Amino acid sequence: MDSQDYTKAVDTYADSVYRVAFSYTYLKADAEDVLQNVFLKLFQTKNHFNSEEHLKQWLIRVTVNECHNLHRSSWKKNISFEEIEKSVQASLPDDNIDLHNALLKLPGDYRIIIHMYYYEGYKTKEIAKILHLKEATVRTKLARGRERLKELLKEDWAYENE
(Lines give C-alpha, C1' and ligand atoms only; values in the text may rest on other atoms or scores of the structure.)
Protein backbone atom coordinates (compact mmCIF):
# COMPACT_ATOMS: atom_id res chain seq x y z
CA MET A 1 0.00 0.00 0.00
CA ASP A 2 1.52 3.32 -1.01
CA SER A 3 1.37 6.43 1.18
CA GLN A 4 -1.43 8.01 -0.85
CA ASP A 5 -3.66 4.91 -0.47
CA TYR A 6 -2.77 4.73 3.21
CA THR A 7 -3.70 8.38 3.79
CA LYS A 8 -6.97 7.86 1.93
CA ALA A 9 -7.76 4.79 4.06
CA VAL A 10 -7.09 6.70 7.29
CA ASP A 11 -9.24 9.63 6.14
CA THR A 12 -12.05 7.34 5.00
CA TYR A 13 -12.16 4.74 7.78
CA ALA A 14 -10.67 6.25 10.94
CA ASP A 15 -14.09 7.30 12.22
CA SER A 16 -15.61 3.84 11.65
CA VAL A 17 -12.65 2.10 13.28
CA TYR A 18 -12.87 4.44 16.27
CA ARG A 19 -16.63 3.88 16.66
CA VAL A 20 -16.21 0.09 16.54
CA ALA A 21 -13.37 0.27 19.08
CA PHE A 22 -15.35 2.58 21.35
CA SER A 23 -18.44 0.37 21.14
CA TYR A 24 -16.29 -2.49 22.43
CA THR A 25 -14.07 -0.71 24.96
CA TYR A 26 -16.29 2.21 26.04
CA LEU A 27 -13.17 4.12 27.00
CA LYS A 28 -12.01 6.99 24.81
CA ALA A 29 -8.31 6.39 25.52
CA ASP A 30 -8.60 2.66 24.80
CA ALA A 31 -10.50 3.30 21.57
CA GLU A 32 -7.79 5.75 20.50
CA ASP A 33 -5.09 3.19 21.30
CA VAL A 34 -6.91 0.56 19.27
CA LEU A 35 -7.34 3.02 16.39
CA GLN A 36 -3.62 3.73 16.39
CA ASN A 37 -2.72 0.02 16.50
CA VAL A 38 -5.11 -0.83 13.67
CA PHE A 39 -3.68 1.78 11.34
CA LEU A 40 -0.15 0.80 12.30
CA LYS A 41 -1.01 -2.76 11.26
CA LEU A 42 -2.50 -1.44 8.02
CA PHE A 43 0.71 0.47 7.34
CA GLN A 44 2.76 -2.69 7.96
CA THR A 45 0.55 -5.16 6.11
CA LYS A 46 1.54 -6.78 2.86
CA ASN A 47 -2.10 -7.65 2.09
CA HIS A 48 -3.60 -6.61 -1.21
CA PHE A 49 -7.18 -5.39 -0.93
CA ASN A 50 -9.51 -6.23 -3.80
CA SER A 51 -11.97 -3.43 -3.05
CA GLU A 52 -12.84 -0.68 -0.59
CA GLU A 53 -15.30 -3.06 1.10
CA HIS A 54 -12.54 -5.67 1.51
CA LEU A 55 -10.34 -3.02 3.13
CA LYS A 56 -13.14 -1.88 5.46
CA GLN A 57 -13.92 -5.45 6.51
CA TRP A 58 -10.22 -6.10 7.16
CA LEU A 59 -10.00 -2.95 9.29
CA ILE A 60 -13.04 -3.92 11.35
CA ARG A 61 -11.74 -7.46 11.87
CA VAL A 62 -8.36 -6.12 13.02
CA THR A 63 -10.17 -3.61 15.27
CA VAL A 64 -12.14 -6.39 16.95
CA ASN A 65 -8.96 -8.44 17.40
CA GLU A 66 -7.15 -5.46 18.93
CA CYS A 67 -10.07 -4.87 21.30
CA HIS A 68 -9.93 -8.51 22.38
CA ASN A 69 -6.17 -8.24 22.92
CA LEU A 70 -6.63 -5.10 25.00
CA HIS A 71 -9.42 -6.68 27.03
CA ARG A 72 -7.24 -9.71 27.82
CA SER A 73 -4.25 -7.63 28.93
CA SER A 74 -3.38 -7.78 32.63
CA TRP A 75 -3.47 -3.97 32.88
CA LYS A 76 -7.05 -3.88 31.59
CA LYS A 77 -8.22 -6.41 34.18
CA ASN A 78 -7.45 -3.86 36.91
CA ILE A 79 -9.92 -1.24 35.58
CA SER A 80 -13.15 -0.96 37.56
CA PHE A 81 -16.64 -0.80 36.10
CA GLU A 82 -17.11 2.60 37.79
CA GLU A 83 -14.10 4.04 35.92
CA ILE A 84 -15.49 2.80 32.62
CA GLU A 85 -18.96 4.17 33.35
CA LYS A 86 -17.54 7.58 34.33
CA SER A 87 -15.53 7.72 31.10
CA VAL A 88 -18.55 6.79 29.01
CA GLN A 89 -20.79 9.40 30.59
CA ALA A 90 -18.18 12.11 30.07
CA SER A 91 -17.93 11.37 26.36
CA LEU A 92 -21.60 11.03 25.37
CA PRO A 93 -24.31 13.56 24.61
CA ASP A 94 -26.96 13.76 27.34
CA ASP A 95 -29.78 12.42 25.17
CA ASN A 96 -28.06 9.04 24.71
CA ILE A 97 -26.85 8.38 28.27
CA ASP A 98 -29.53 5.80 29.15
CA LEU A 99 -29.06 3.86 25.94
CA HIS A 100 -25.28 3.89 26.19
CA ASN A 101 -25.33 2.91 29.86
CA ALA A 102 -27.54 -0.04 28.93
CA LEU A 103 -25.21 -0.96 26.05
CA LEU A 104 -22.27 -0.80 28.44
CA LYS A 105 -23.87 -3.52 30.58
CA LEU A 106 -24.08 -5.92 27.63
CA PRO A 107 -21.28 -8.41 27.01
CA GLY A 108 -18.73 -7.20 24.44
CA ASP A 109 -19.76 -9.68 21.75
CA TYR A 110 -23.36 -8.40 21.88
CA ARG A 111 -22.22 -4.76 21.85
CA ILE A 112 -20.00 -5.18 18.80
CA ILE A 113 -22.70 -7.01 16.82
CA ILE A 114 -25.33 -4.40 17.73
CA HIS A 115 -22.91 -1.64 16.75
CA MET A 116 -22.04 -3.21 13.42
CA TYR A 117 -25.70 -3.86 12.60
CA TYR A 118 -27.23 -0.55 13.68
CA TYR A 119 -24.39 1.95 13.39
CA GLU A 120 -22.26 0.56 10.56
CA GLY A 121 -25.21 -0.82 8.58
CA TYR A 122 -23.88 -4.34 8.02
CA LYS A 123 -26.21 -7.24 7.35
CA THR A 124 -25.95 -10.33 9.57
CA LYS A 125 -24.24 -12.27 6.78
CA GLU A 126 -21.56 -9.59 6.48
CA ILE A 127 -21.06 -9.42 10.24
CA ALA A 128 -20.65 -13.18 10.34
CA LYS A 129 -17.99 -13.03 7.64
CA ILE A 130 -16.08 -10.19 9.33
CA LEU A 131 -16.20 -11.72 12.81
CA HIS A 132 -15.64 -15.29 11.60
CA LEU A 133 -18.91 -16.50 13.10
CA LYS A 134 -21.82 -18.48 11.73
CA GLU A 135 -24.64 -16.30 10.45
CA ALA A 136 -27.07 -18.03 12.82
CA THR A 137 -24.79 -17.14 15.73
CA VAL A 138 -24.83 -13.48 14.72
CA ARG A 139 -28.63 -13.47 14.43
CA THR A 140 -28.94 -15.17 17.82
CA LYS A 141 -26.55 -12.72 19.52
CA LEU A 142 -28.30 -9.79 17.88
CA ALA A 143 -31.70 -11.00 19.09
CA ARG A 144 -30.41 -11.75 22.59
CA GLY A 145 -28.59 -8.42 22.72
CA ARG A 146 -31.77 -6.56 21.72
CA GLU A 147 -33.76 -8.45 24.33
CA ARG A 148 -31.23 -7.73 27.08
CA LEU A 149 -31.08 -4.11 26.02
CA LYS A 150 -34.86 -3.85 26.18
CA GLU A 151 -34.87 -5.36 29.70
CA LEU A 152 -32.11 -3.02 30.88
CA LEU A 153 -33.90 0.02 29.52
CA LYS A 154 -37.17 -1.08 31.18
CA GLU A 155 -35.34 -1.53 34.50
CA ASP A 156 -33.77 1.92 34.21
CA TRP A 157 -37.11 3.49 33.30
CA ALA A 158 -38.87 1.75 36.20
CA TYR A 159 -36.13 2.83 38.61
CA GLU A 160 -36.32 6.47 37.44
CA ASN A 161 -40.12 6.54 37.87
CA GLU A 162 -40.27 5.14 41.40
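Only this structure's heavy atoms are used, side chains among them; waters, hydrogens and symmetry mates stay out. Since the model is a prediction, treat every value here as computed from it, not as a measurement.
- A distance of 10.5 Å separates CZ of R139 from NZ of K125, quoted to the nearest 0.5 Å.
- If you take CD1 on I113 and CG on L142, they are separated by 7.0 Å, rounding to the nearest 0.5 Å.
- Scanning both residues, Y122 and Y117, for their nearest heavy atoms gives O-CD1, 3.4 Å.
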Worksheet entry | Residues L55, L42; criterion side-chain contact (heavy atoms from CB on, under 4.5 Å); working and verdict | CA-CA 9 Å; L55 172 60; L42 177 63; 3.8 Å; yes
Discussion item. Show, in sequence, the C-alpha distance, side-chain angles and deciding distance for F22 and E32, and conclude whether the side-chain contact (heavy atoms from CB on, under 4.5 Å) test is met.
Written reply: CA-CA 8 Å; F22 187 79; E32 290 169 350; over 6 Å; no
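- A donor-acceptor contact shorter than 3.5 Å links the side chain of T140 to the backbone of A136.
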Worksheet item: side-chain contact (heavy atoms from CB on, under 4.5 Å) between I127 and K123: does it pass, once the steps are laid out?
Response: CA-CA 6 Å; I127 296 169; K123 306 276 188 237; over 6 Å; no
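- A side chain to side chain contact (heavy atoms under 4.5 Å, CB included) with T63 is found for one member of I130, I112, V34, L35 and no other, namely V34.
- With rounding to the nearest 0.5 angstrom, the CZ atom of R148 is 5.0 Å from the OH atom of Y110.
- Two rings, from Y24 and H115, have their centers 6.0 Å or more apart.
- A distance of 11.0 Å separates NE2 in H68 from CD in E66, rounded to the nearest 0.5 Å.
- At least one side-chain heavy atom of R19 sits less than 4.5 Å from a side-chain heavy atom of E120.
- A heavy-atom distance below 4.5 Å is not found between the side chains of D5 and F49.
- Looking at heavy atoms from C-beta onward, V20 lies out of side-chain contact with L59 at the 4.5 angstrom threshold.
- The side-chain heavy atoms of L131 and M116, taken from C-beta on, include a pair separated by under 4.5 Å.
- Counting non-hydrogen atoms of neighbouring residues, nucleotides and ligands closer than 6.0 angstrom, the CD atom of Q4 reaches no more than 12 such neighbours.
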Worksheet entry | Derivation of the side-chain contact (heavy atoms from CB on, under 4.5 Å) call for K56 and R61 | CA-CA 9 Å; K56 184 178 181 184; R61 179 70 244 168; over 6 Å; no
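- Closest approach of L40 and Y6 over heavy atoms only: N-OH, 4.4 Å.
- Residue C67 comes nearest to A21 through the heavy atom pair SG-CA, 3.8 Å, listed as atom of the first residue, atom of the second, then distance.
- Taken to the nearest 0.5 Å, the CZ atom of R146 stands 7.5 Å off from the CD1 atom of I114.
- Taken from OG1 in T45 to CZ in F39, the straight-line distance is 13.0 Å, to the nearest 0.5 Å.
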